[in-house]
Asks: 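So that we are looking at the same thing, I have put the structure below in structure tokens.
Throughout, protein chains are lettered first and strands after them, A, B, ... in sequence-line order, and every chain is numbered starting at 1.
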Number of protein chains: 2
Amino acid sequence: MTTAAPRELTRNQSLVLGALTQAEGPLSAYTILDRLRDEGFRAPLQVYRALDKLLASGLVHRLESLNAFIACAHPDCHGHGMIAFAICGDCGQVNEFTDDAIRERLGAWSAANDFQTEKTIVEIRGHCAACRAH
Amino acid sequence: MTTAAPRELTRNQSLVLGALTQAEGPLSAYTILDRLRDEGFRAPLQVYRALDKLLASGLVHRLESLNAFIACAHPDCHGHGMIAFAICGDCGQVNEFTDDAIRERLGAWSAANDFQTEKTIVEIRGHCAACRAH
DNA sequence: TCGCACACGTTATAGCATTACACAATGTAA
DNA sequence: TTACATTGTGTAATGCTATAACGTGTGCGA
């Protein structure tokens, strides 16, 4: 997997990335929009267009099971092929991690089935230790 | 992981399951609704309520990256903890499979991080062999 | 100067999911 | 039997997520 061009960010892209970086958890596109109204954002498309670029460059990840977005937890080493997320349904905290064995197994399945992988989604939903401690 | 109670299906649940079984690929809730209008379905909630039960019993799976649903490909052995899907972005075909190594690695991460897993999502998006052959 | 690529702004619309209220059928404990 | 809880159902309204289809402006290489 290769890292996308780290081209300079535009104003809108920087604002969206900033909103996600400041947030302590994932944000929906519409929540981002609300948080950037003071900066002049008026329409969802302004957010989605910025997100498209940020996703392509690996600076932001999409959580499919949440329809939400989060800043990459490893801002220096984006671009690896498989990223997994553990999502606590109680506090909303997200833990980002990678696992070479999982990546290898998914790669093996793709090879065995002649399937060309474009994106891999691994998300585990559950309850974190802190929340389970009541 | 334990299989949910295989209680008898109601009429609505049977109709929704039937629509998904007949379909050759995943269906959105609104597509199911359209296909069941002749059976008397009028509102999205009729579909979503039936889907809730079918998902809980393992007869149907939700594809998070597609916001769509598909009948379980192994109707006899539902209830296993991790199911992976390979989704072709061209033809829409979905391949369902399991992998003990992946399940084991995700379980190891959960144990190491004191995370109680409730649901695991593994989806790979890409292009199947048939579609890549033009 | 022309044409192209890209980012941006706005309005409208499409697609996915839930809330809220009302009613009927069933099972069960008092 | 009465009272209550549970479960499934029907309908309308609403909310959340994402994209289509316009048009504008700017920078840059041919």
Asks: Look at the side chain of A:Tyr30 and the base of D:dA18, then say whether one donor and one acceptor between them are separated by less than 3.5 Å.
Replies: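 It does, because a donor-acceptor pair links the side chain of A:Tyr30 to the base of D:dA18 below 3.5 Å.
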Asks: A:Ala111: what forms a side chain to side chain contact (heavy atoms under 4.5 Å, CB included) with it, not counting sequence neighbours?
Replies: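 For A:Ala111 there are no side chain to side chain contact (heavy atoms under 4.5 Å, CB included) partners, ignoring immediate neighbours.
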Asks: If only side-chain N and O atoms of A:Gln46 are considered, is one of them under 4.0 Å from the OP1 or OP2 phosphate oxygen of C:dC8?
Replies: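 No.
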Asks: Measure from the side-chain heavy atoms of B:Leu45 and tell me the nearest of C:dT19, D:dG8, C:dA17.
Replies: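 For B:Leu45, the side-chain atoms sit closest to C:dT19.
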Asks: Give a yes/no answer on whether the side chain of A:Asn12 brings an N or O atom under 4.0 Å of OP1 or OP2 in C:dG9.
Replies: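 Indeed, a polar side-chain atom of A:Asn12 lies that close.
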Asks: As a quick check of understanding, evaluate salt bridge (Lys or Arg N to Asp or Glu O under 4.0 Å) for B:Glu64 and A:Arg125, giving each step before the final call.
Replies: CA-CA 12 Å; B:Glu64 298 287 348; A:Arg125 306 289 304 266; 5.8 Å; no
Asks: Tell me: OH of B:Tyr48 to P of D:dT9, nearest whole Å?
Replies: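 Going from B:Tyr48 (OH) to D:dT9 (P), I get 17 Å.
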Asks: Report the distance from atom CZ of A:Phe69 to atom P of D:dA18, rounded to the nearest whole Å.
Replies: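 Whole-Å distance recorded here is 5 Å.
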Asks: Tell me the interatomic distance from B:Ile32, atom CD1, to C:dA17, atom C1', rounded to whole angstroms.
Replies: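 Atom-to-atom, B:Ile32 to C:dA17, this comes out as 13 Å.
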Asks: Are B:Arg103 and B:Asp100 within salt-bridge range, i.e. N to O under 4.0 Å?
Replies: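 A salt bridge is present here (some side-chain N lies under 4.0 Å from a carboxylate O).
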Asks: Is any side-chain N or O of B:Asn67 closer than 4.0 Å to OP1 or OP2 of D:dT17?
Replies: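 Answer no for this pair, as no side-chain N or O of B:Asn67 is under 4.0 Å from OP1 or OP2.
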Asks: Considering every strand and a 4.0 Å limit on heavy-atom distances, what is the contact class for A:Arg49: base, sugar-phosphate, or nothing?
Replies: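 Base, at least one base heavy atom under 4.0 Å.
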Asks: Any side-chain N or O of A:Arg62 below 4.0 angstrom from OP1/OP2 of D:dT17?
Replies: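 The answer is no; no side-chain N or O of A:Arg62 sits under 4.0 Å from OP1 or OP2.
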Asks: Considering just the side-chain nitrogens and oxygens of B:Thr10, establish if one lies under 4.0 Å of OP1 or OP2 belonging to D:dG8.
Replies: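 No, no such contact exists.
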